[in-house]
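First up is the structure itself, then whatever we jot down about it.
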Amino acid sequence: MALPKRIDHVENLNEHRSDRNTQQKVVRLKSFDARREKRDPLPVQVYLASLEEPRTREQTVTEDVSPHGARVLTRRCWNPGEVPLLTPLIGEYPKHARVVYCIPQPNGGYCLGIEFEGPTFRWQA
């Protein structure tokens with residue numbers, strides 16, 4: 001599933017529509033993906049835990065990854081801005097992340113978009 005895209009209004013000042021001697025600006029929508037970098041479709045086994053309850057972690061998998069974030073499948077609904085702790089089963093140490101989005105899935109789970117701050121993350125499958 002694609003990441004939700006941000007849509008901004010863009011005015012085209014050269015185009016106007018004339019209705020009864022009034023001019024209106026034509027507003028067009030410009031759509032672009034706000035992602036900083038490309039994500040690779042790499043399933044990585046991880047533990048996902050809340051900082052409030054770190055002992056109740058969930059073993060799950062990523063859908064795609066980048067050095068600064070990932071899309072993770074989860075059973076729990078997370079709120080944007082929450083700070084989970086993500087720990088790969090192989091390789092890197094635990095890392096704090098920030099929830100960017102949480103999208104319900106038809107199967108009852110959620111897709112969680114997380115972003116890391118600071119140094120890049122090295123993913124190993």
Side-chain angles (χ1 to χ4, degrees):
M1 182 172 189
L3 178 70
K5 294 187 177 190
R6 191 171 75 194
I7 298 177
D8 290 341
H9 293 282
V10 177
E11 292 180 4
N12 186 342
L13 300 177
N14 294 330
E15 291 185 33
H16 290 86
R17 190 172 52 190
S18 181
D19 294 327
R20 295 185 185 172
N21 298 328
T22 62
Q23 291 186 341
Q24 298 176 345
K25 294 178 185 175
V26 176
V27 177
R28 293 187 177 184
L29 298 178
K30 177 183 176 184
S31 174
F32 60 92
D33 194 342
R35 183 170 293 145
R36 290 190 285 184
E37 57 202 356
K38 182 179 177 264
R39 288 196 176 162
D40 296 317
L42 183 65
V44 178
Q45 295 290 319
V46 296
Y47 288 116
L48 188 63
S50 166
L51 290 181
E52 288 79 33
E53 300 177 38
R55 292 183 186 214
T56 58
R57 64 186 183 181
E58 171 186 359
Q59 185 174 345
T60 186
V61 66
T62 63
E63 266 193 349
D64 56 38
V65 298
S66 77
H68 291 98
R71 183 176 170 104
V72 182
L73 300 175
T74 181
R75 291 185 300 262
R76 179 184 157 200
C77 181
W78 295 77
N79 293 315
E82 278 190 86
V83 181
L85 185 64
L86 186 111
T87 309
L89 272 61
I90 301 172
E92 291 278 336
Y93 292 103
K95 185 135 177 140
H96 293 98
R98 181 180 63 84
V99 174
V100 178
Y101 63 87
C102 186
I103 302 171
Q105 297 300 294
N107 65 0
Y110 297 88
C111 276
L112 186 67
I114 59 171
E115 178 180 51
F116 303 121
E117 294 183 10
T120 60
F121 201 79
R122 291 191 186 105
W123 293 98
Q124 297 178 13

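Excluded from the calculations below are hydrogen atoms, water molecules and symmetry mates; all remaining heavy atoms, backbone and side chain alike, are included.
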- Short side-chain to backbone donor-acceptor contact, Glu58 and Arg75, under 3.5 Å: yes
- Query: Within the side chain of Gln105, is there an N or O that forms a donor-acceptor pair under 3.5 Å with the backbone of Ile103?
  - Reply: yes
- Heavy-atom check, side chain of Leu73 versus side chain of Cys111, under 4.5 Å: yes
- Which atom names give the shortest non-hydrogen contact between Val100 and Pro80, and what distance separates them? O-CB, 3.9 Å
- Message: Trp78 vs Leu48, test: side-chain contact (heavy atoms from CB on, under 4.5 Å). Steps then yes/no.
- Response: CA-CA 11 Å; Trp78 295 77; Leu48 188 63; 3.9 Å; yes
- Message: Show, in sequence, the C-alpha distance, side-chain angles and deciding distance for His96 and Leu85, and conclude whether the side-chain contact (heavy atoms from CB on, under 4.5 Å) test is met.
- Response: CA-CA 5 Å; His96 293 98; Leu85 185 64; 4.1 Å; yes
- Message: Under a 3.5 Å distance rule, please check whether Thr74 uses its side chain to pair with a backbone N or O of Tyr110 as donor and acceptor.
- Response: no
- Task: Would you name the heavy atoms of Asp64 and Pro41 that are closest together and state the gap between them?
- Result: CB-CA, 3.9 Å
- Residues at least two apart in sequence or cross-chain that pass side chain to side chain contact (heavy atoms under 4.5 Å, CB included) with Gln59, listed by chain then number, are Gln45, Tyr47, Leu89
- Query: So, for Cys102 and Cys77, which heavy atoms are closest and what is the spacing to 0.1 Å?
  - Reply: SG-CA, 4.0 Å
- Message: Please check: side-chain N/O of Glu82 versus main-chain N/O of Asn79, any donor-acceptor pairing under 3.5 Å?
- Response: yes
- Considering non-hydrogen atoms only, spot the tightest contact between Ser50 and Arg76 and give its length. CB-NH1, 3.4 Å
- Heavy-atom closest contact (Thr62 atom, Ala70 atom, distance): CG2-CB, 4.3 Å
- Query: Quick one: do Phe116 and Leu42 end up in the same hydrophobic cluster if we chain Ile, Leu, Val, Met, Phe, Trp and Tyr together by side-chain heavy atoms under 4.5 Å apart?
  - Reply: yes
